[in-house]
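These notes are about the structure you will find just below.
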There are 2 protein chains.
Amino acid sequence: MYIALDLESEEPIYTQLKNQIIAGIAKKELRSGDPLPSVRSLASDLGINLHTVNKAYQQLKQEGFILIHRQKGVVVNPDGVPSVDEAYWSEITKRIHPIIAESVCRNVTEQDFLQLCRQIYAEFQSKE
Amino acid sequence: MYIALDLESEEPIYTQLKNQIIAGIAKKELRSGDPLPSVRSLASDLGINLHTVNKAYQQLKQEGFILIHRQKGVVVNPDGVPSVDEAYWSEITKRIHPIIAESVCRNVTEQDFLQLCRQIYAEFQSKE
DNA sequence: TATCTGTTATACATATAATATAACAGATAG
DNA sequence: CTATCTGTTATATTATATGTATAACAGATA
């Protein structure tokens, strides 16, 4: 799986890395049980520090996307990513809310906004 | 217009303030030409520093939500907030993308996601 | 035994967030 | 004219976040 980082971006490197791995899982380029590189090798490949990769991995682990075994290394959660629950639902509501507020102010119609969401959803199902 | 800040939140204070003003405009609690408090009085009311308010105001000004006249004070943009353009469209795409990636991983259906967006959209049109 | 793993601990540099004062220039009310 | 309020700018300080750099430890493996 290809990962491209923008070192000039305001978005922290560990966040970019995290989001690209999540996108990889969403696109099924990464499947349950698939191995991920070790923190050291991935850091080396990307030309960044071991701790930056580790921070991304730790958060992915904490959120249930991956498991980290002392023996087996790092793998995409074999049981699948935990499904939506109440806490997650309220979290994405909080994240979407300000985006929609802005869109309303800028005269983005509900239809245009929903169409954009459909388009992005489609992007994650193209390989199924 | 009532503003509630969470000083314990990870979200910066100036971002909370900015988003609540934008939400106020979206809900039409704030209309074109309406005055906003001076940086000093708002800072005093909220119990925060003048510069924190100023930072929020400067960004709102830079993004076209408000105007700041030396004479007339701070007002919601009398010409209305600039409508969506290509740059803004690509920006919200970037912001929504990782949210949808996560939702796909967590088995949030497209229908459920769209329904949430509709619900939030409705919240901003309840007073029209 | 040597090497690779995740993990932890320090240390350092830089940037951001938030506060605290202070001052300036323009406008306004008394 | 004077005093006050406006946005703005400039410094300084504190705390936290980000990213890097080394180093070490313990478990697993070849």
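Just so it is clear: chains get the letters A, B, ... in the order the sequence lines come, proteins before strands, and each one is counted from 1.
Checking side-chain atoms of S9(A) against main-chain N and O of D6(A) turns up no donor-acceptor pair under 3.5 Å. No donor-acceptor distance shorter than 3.5 angstrom exists from the side chain of T52(A) to the backbone of I48(A), with no hydrogens or angles considered. Side-chain atoms of D34(A) come within 3.5 Å of backbone atoms of R31(A) as a donor-acceptor pair (strictly under, hydrogens ignored).
Nucleotide dT18(D) holds its P atom 14 Å from the CG atom of L17(A), rounded to whole Å. Rounded to whole angstrom, the span from the CG atom of L36(B) across to the P atom of dT6(D) amounts to 13 Å. As a whole-Å value, the separation of L5(A) CG from dT18(D) P is 15 Å. Atom-to-atom, CG of L42(B) to C1' of dT6(D) comes out at 14 Å; the value is rounded to the nearest Å. We find that CG of L67(A) is positioned 17 Å from C1' of dT7(C), with the value rounded to whole Å. K61(B) places its NZ atom 7 Å from the P atom of dT9(D), with the value rounded to the nearest Å. Rounded to an integer number of Å, the gap from N54(A) CG to dT20(D) P is 13 Å.
Considering only heavy atoms from C-beta on, Y121(A) comes within 4.5 Å of V108(B) through its side chain. Contact check for E102(B) versus R106(B): side-chain heavy atoms found under the 4.5 Å cut-off.
Under 3.5 Å, the side chains of S38(A) and S41(A) contain a donor-acceptor pair of N or O atoms.
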- Task: Dot-bracket for DNA chain D, please, read 5' to 3', with Watson-Crick or G-U wobble pairs under 3.5 Å on both distances, ( ) within the strand, [ ] crossing, | other strand, . unpaired.
- Result: ||||||||||||||||||||||||||||||
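A close approach under 4.0 Å does not occur between any side-chain nitrogen or oxygen of Q58(B) and OP1 or OP2 of dG7(D).
Sorted by first then second residue, the ring pair (Phe, Tyr, Trp, His ring centres under 6.0 Å) pairs that include residues 82-112 of chain A, not counting sequence neighbours, are H97(A)-F124(B).
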- Message: Counting primed atoms plus P, OP1 and OP2 as sugar-phosphate and everything else as base, spell out the protein contacts along nucleotides 17-23 of chain C at 4.0 Å heavy-atom distance: B, S or - for each nucleotide, 5' to 3'.
- Response: SSBBB-B
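There is a path of hydrophobic side-chain contacts, each under 4.5 Å, that joins I68(B) to I22(B).
The line from CD1 of I66(A) to OH of Y57(A) is 6.5 Å long, rounded to the nearest 0.5 Å.
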